[in-house]
2 protein chains.
Amino acid sequence: MQLNTIRRELYPSVMVDIAIFSVDESGLRVLLVHRANEPQKGLWALPGGFLKPDVDATLEAAARRVLIEKIGVDTPHLEEVCTFSGKDRDPRGWSISVLFFALLPRDQVQAVVKAKVDAVEWVDARNHGLAMAFDHSDHLNRAIDVLKRKVARHALPLHLMPTNFTMTALQRACEAILGLSLDKSVFRRRLKADIEKQPPEIPDLVEVAGATETGHQRPAQLYKAREGFVFLE
Amino acid sequence: MQLNTIRRELYPSVMVDIAIFSVDESGLRVLLVHRANEPQKGLWALPGGFLKPDVDATLEAAARRVLIEKIGVDTPHLEEVCTFSGKDRDPRGWSISVLFFALLPRDQVQAVVKAKVDAVEWVDARNHGLAMAFDHSDHLNRAIDVLKRKVARHALPLHLMPTNFTMTALQRACEAILGLSLDKSVFRRRLKADIEKQPPEIPDLVEVAGATETGHQRPAQLYKAREGFVFLE
DNA sequence: AGAATAGTGTCTGTCAGACAGTATCGC
DNA sequence: GCGATACTGTCTGACAGACACTATTCT
């Protein structure tokens, strides 16, 4: 087969970067990778990689592949945020980065860390204090912003939750994303309204019949995401 | 200088496409280009072109350049919608298209048509009945959707308006974008609230002192966009 | 009983929808 | 006056914020 070659300068590098979010007791967390190689060696970056047109069906598929290869997880939700482009954002030359965000249920966070212990860290998404590579600081801010806007518009980030969860746990997740505390009564009123939606409206939330979370206090009703739920406002 | 060549298959084509919207008496309009050459000759497409890394500072700059070169307008507002990518969306091979939308004031619509009379047409954005090239039908739908969402969230599409305009004209523009009719009283109440915002809040709308539009009925107060207005919810 | 968390009830202010009413122009 | 469009007033219901209250568990 004849090799079809082109001038390098006429084609930009194309990469995908992913902000994977999770929520734990200390708030909204994002996964950063410590760069072991040049360029930007020693700085922290969002996980990412180059598009491989011979392997990837689409840019989103590339993002999914990168997550599996580098981090060892397949996330339930993956969504495009925006692109970053230009001559100077990467020292290697004109490049395009397509940014995605992903949501990982908190009960899968440990699996990630175990897979690639050394180079990967879950950090506070808003206040990590690490020096970030390229324009990834902007990337992260944009990703947080998109996620926040969706939750503010009453989209429920159920992909962050384990299979069964309490209303309080869900409220904590929303609070972590929004960066403020919500009124319990108001929050529950909204969820109740969702659950009691009449067809053709479909509720996102389903009561897990009879199941309760038992702790050191009054047990709480458990809920789960509707079958086929997607995180679209 | 030595030519640095690479294998063509490892780099996708990168192009930008732009949905330019305007509003006239018959509703929301978008500019389509009749394709004179293969591929997809004879079909209608959104204006677009290949990224030129040696010329364009960013993808957005590329979109702006394409608009100026092909359509002869520099639009006040240009915003990224999303990307489309894959092996099959363009018969020439693996490609990425970054979609933008632009807003053109209605008093500049004629200028466009004059510049490139033959190959360009303003059509009803939702109901044009034309056969579209590539996946540009999806592009258009996504662009309309993003625009609509912004207006539904109370962003004012002032970039669509001429310098001075009446509240009714602005209401017609919003109605065209949303595809439904709004209550006059409700609409004006919202705008009044905007105009009377107290610092540090800044109103988007400014009353043009003394100026009225004189027609065959009661004259209407004229308004203009705030200096430095940008279309961000 | 007391601590802790689950879950409810209710008041209030804000705002959107609906729609009727008044004002001011040309003819 | 009449048609037409500009502009205002007001009633209503939905809903968010605030906050106090009750309920059920464990120790």
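Letters A, B, ... mirror the listed sequences (proteins, then strands); counts begin at 1.
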Interatomic distance, [X] [atom1] vs [N] [atom2] [rounded to whole Å]:
| X | N | atom1 | atom2 | answer |
| --- | --- | --- | --- | --- |
| Glu196(B) | dT14(C) | CD | P | 15 Å |
| Gln221(B) | dC7(D) | CD | P | 7 Å |
| Leu222(B) | dC7(D) | CG | C1' | 15 Å |
| Gln171(B) | dA16(C) | CD | C1' | 14 Å |
| Leu170(B) | dC7(D) | CG | C1' | 16 Å |
| Leu180(B) | dA18(C) | CG | C1' | 15 Å |
| Lys197(B) | dC15(C) | NZ | P | 11 Å |
| Arg218(A) | dT5(C) | CZ | P | 14 Å |

So, Asp138(B) and Arg142(B), do they make that salt bridge, N to O below 4.0 Å?
no

Please work out whether the ring planes of His34(A) and Trp44(A) are parallel, tilted or perpendicular, with thresholds of 30° and 60°.
tilted

Hey, what's the ring geometry for His159(A) with Phe231(A), parallel, tilted or perpendicular (30° and 60° as the breaks)?
perpendicular

Decide yes or no on salt bridge (Lys or Arg N to Asp or Glu O under 4.0 Å) for Glu207(B) and Lys192(B), but give the supporting numbers first.
CA-CA 10 Å; Glu207(B) 193 166 314; Lys192(B) 284 277 165 60; over 6 Å; no

Proximity to DNA chain D (any heavy atom under 4.0 Å), residues of residues 181-192 of chain A only
Asp183(A), Ser185(A), Val186(A), Arg189(A)

Check: Leu104(B) main-chain N/O paired with Ser22(B) side-chain donor or acceptor under 3.5 Å
yes

Quick one: on DNA chain D, does Pro219(A) or Met167(B) contact a more 5' nucleotide (nearest heavy atom)?
Met167(B)

Start with the C-alpha gap between Asp194(A) and Arg190(A), add the side-chain angles, then the distance that decides, and say whether salt bridge (Lys or Arg N to Asp or Glu O under 4.0 Å) holds.
CA-CA 6 Å; Asp194(A) 177 275; Arg190(A) 247 183 53 204; over 6 Å; no

